[in-house]
Amino acid sequence: MVVADTAMLSKYAHLCEVPVRPARWLTESVRDHRLKSPDLYRFCTPSAETCLRAPPSSSKRRYNYSEFRVEVNYDLKSQSAKRRKVVDYSLSSGSTASDQSDSIVKNLFPVLKISRPPSTVRHSEAVETVSSPSARPRRWACEIRPTMSDTDFPMNAKICELLGVVQEAYALKKDHFRTLGYQRAIAKIRSLPHEVLTIDDVRSLGGETSIGSRIERKITEIITTGRLLQAETVLNNSENVAVKTLCDVWGIGPVKAMGLVAEGITSIEQLRAAVRKNDSLLDLNQKIGLKHYEDLLHRIPREQVAELEYYVRRIVKRVDSSIDIKVAGSYLRGKKSCGDVDILVYGSSQKLKKAFPEITKRMKKDGVLTDDLVHGAGKYFGIFKFPGRRHGRIDLFAVPHEQYPYALLTYTGSAVFNSHQGLQKVCRTNYSRTRVEPPIRVRDEKEIFLLLDIPYVPPSARSIS
DNA sequence: AGGCGGTACTG
DNA sequence: CAGTACC
DNA sequence: GCCT
């Protein structure tokens, strides 16, 4: 099943191999901290009719999350009568968090392999994988269509490249929404199953395409002339190029960069010279970003992230053995290299209060954390370094265990993946340091997918851009 | 005409 | 408060 | 920028 608004429905319902449910269902379930009966929230449009799940045979079935009894549709692709399984388990258990999650996973997803710790296995095995592809839907709700590789359709790639130049220029001007418009149009082109060689290839899509008259005109220009004047103007604008370069320094954004360019600073070297003369040109974080500019341009090899994980866990366990860590982000998604390292530090909020500052303190004493960028009560952003290695960016998040699955989902990303299907919304509502009400209780990420009734997507499949 | 993500930290 | 960053 |  898919949580959808009306626009979503008209766009994607025909692609869904699972039932569709209105967003109102999610909103009210979240608000009231219990799952509303889906039968009260059905779309009645003909196109969605075939997607709707048949009403439960037992009219007494309740969707109360406190007793956590939900239906699991774990073989959505099966053409035969839908196989269903009712899962019913109590929320009390003496086992550890990872034991719990493993056994739950095995119960819910018999075909799922549970990985050993990433540091002890080869990269390709380091993420949870589904052993039998036929045991889950081919097309996930969060992955509406596969993205074509650039070589598939040269013209599409060209269009995306040139529109991307314009989009970046708007991003630097902080024209947030025009940027968004271009991003969506580019995503659309990239997802097309055919090459755009005439403008009719775009027009024939019909419906909501994210491509309006303006972008359509630009696409026409690219198709007919092979060029886009506006993009060339941007690329030839040295001021633009300089702003972009300066924005690569952590802590410098478009506004600061434009200010620097206005002062005649157009390169990293010039910026360093300028800071030597005027110490207050940059704030503390920007100076740190500049100091490690070259190192931070490099991605961190997966093996080194695993080393860091080992080290941080050792520190954490010494501070408080009831606390554990989880490396999320692109590492958890199985990438061979990571732009930074995201680490969730999770345990009881009481213990975290004392332990979290202590953990970063010890890492600093060891010389592993070399610079602090942000340290709040619930998050730490900084720079780490191991002997003989480059500096790298590290983020630590203190997560109370009842919010852990939401935080894990959030920080595993990708950002684009999270932006689909209400994932962002449900995580936001339930993972927040300032949150007062208790979150909807879930034990692991899979239960969040259940909550949304979206087929589970393993981390390795969430790297959509 | 108005929406397009929400939150947390720095200075 | 604006700016920047996080996914 | 696009969409409702």
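Convention: sequence-line order gives letters A, B, ...; per-chain numbering from 1. Keep in mind the model is a prediction, meaning the values are calculated, not measured.
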K.L.:
How many whole angstroms separate atom NZ of K335(A) from atom P of dC7(C)?
P.N.:
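So the two atoms are 14 Å apart, to the nearest Å.
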K.L.:
Walk along nucleotides 2-11 of chain B from 5' to 3' and tag each nucleotide B, S or - by protein heavy-atom contact under 4.0 Å, base first, then sugar-phosphate.
P.N.:
--BBS-SSSS
K.L.:
Phosphate oxygens OP1/OP2 of dG3(C): is one of them under 4.0 Å from a side-chain N or O of W250(A)?
P.N.:
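The answer is no; no side-chain N or O of W250(A) sits under 4.0 Å from OP1 or OP2.
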K.L.:
Report the secondary structure of DNA chain B in dot-bracket form, marking unpaired bases with a dot and bases paired to a different strand with |, and treating Watson-Crick or G-U pairs with both distances under 3.5 Å as paired.
P.N.:
|||||||||||
K.L.:
Using the P atom on both, measure dG1(D) against dT7(B) and round to a whole Å.
P.N.:
30 Å
K.L.:
Tell me what S213(A) touches on the nucleic acid: a base, only sugar-phosphate, or nothing, going by heavy atoms under 4.0 Å.
P.N.:
sugar-phosphate
K.L.:
Using a cut-off of strictly less than 4.0 Å, decide whether Y182(A) has a side-chain nitrogen or oxygen near OP1 or OP2 of dG1(D).
P.N.:
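Y182(A) to dG1(D) OP1/OP2: side-chain N or O found under 4.0 Å.
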K.L.:
Can you see if the side chain of S330(A) gets near the phosphate of dC7(C) - specifically, an N or O under 4.0 Å from OP1 or OP2?
P.N.:
no
K.L.:
Which part of the nucleic acid, if any, lies within contact of R462(A), taking any heavy atom under 4.0 Å across all strands shown: a base, the sugar-phosphate backbone alone, or nothing?
P.N.:
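No contact.
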K.L.:
Could you check which of dT4(D), dC7(C), dG1(D) has an atom nearest any side-chain atom of E208(A)?
P.N.:
dT4(D)
K.L.:
Just how far, in rounded Å, is P of dG3(C) from NZ of K173(A)?
P.N.:
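That distance rounds to 17 Å.
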K.L.:
Could you state the interatomic distance from CG (D342(A)) to CG (L332(A)), rounded to the nearest 0.5 Å?
P.N.:
10.0 Å
K.L.:
Could you please name the option among dC7(C), dT4(C), dG1(D) that lies closest to any side-chain atom of Q230(A)?
P.N.:
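Looking only at side-chain atoms, Q230(A) lies closest to dG1(D).
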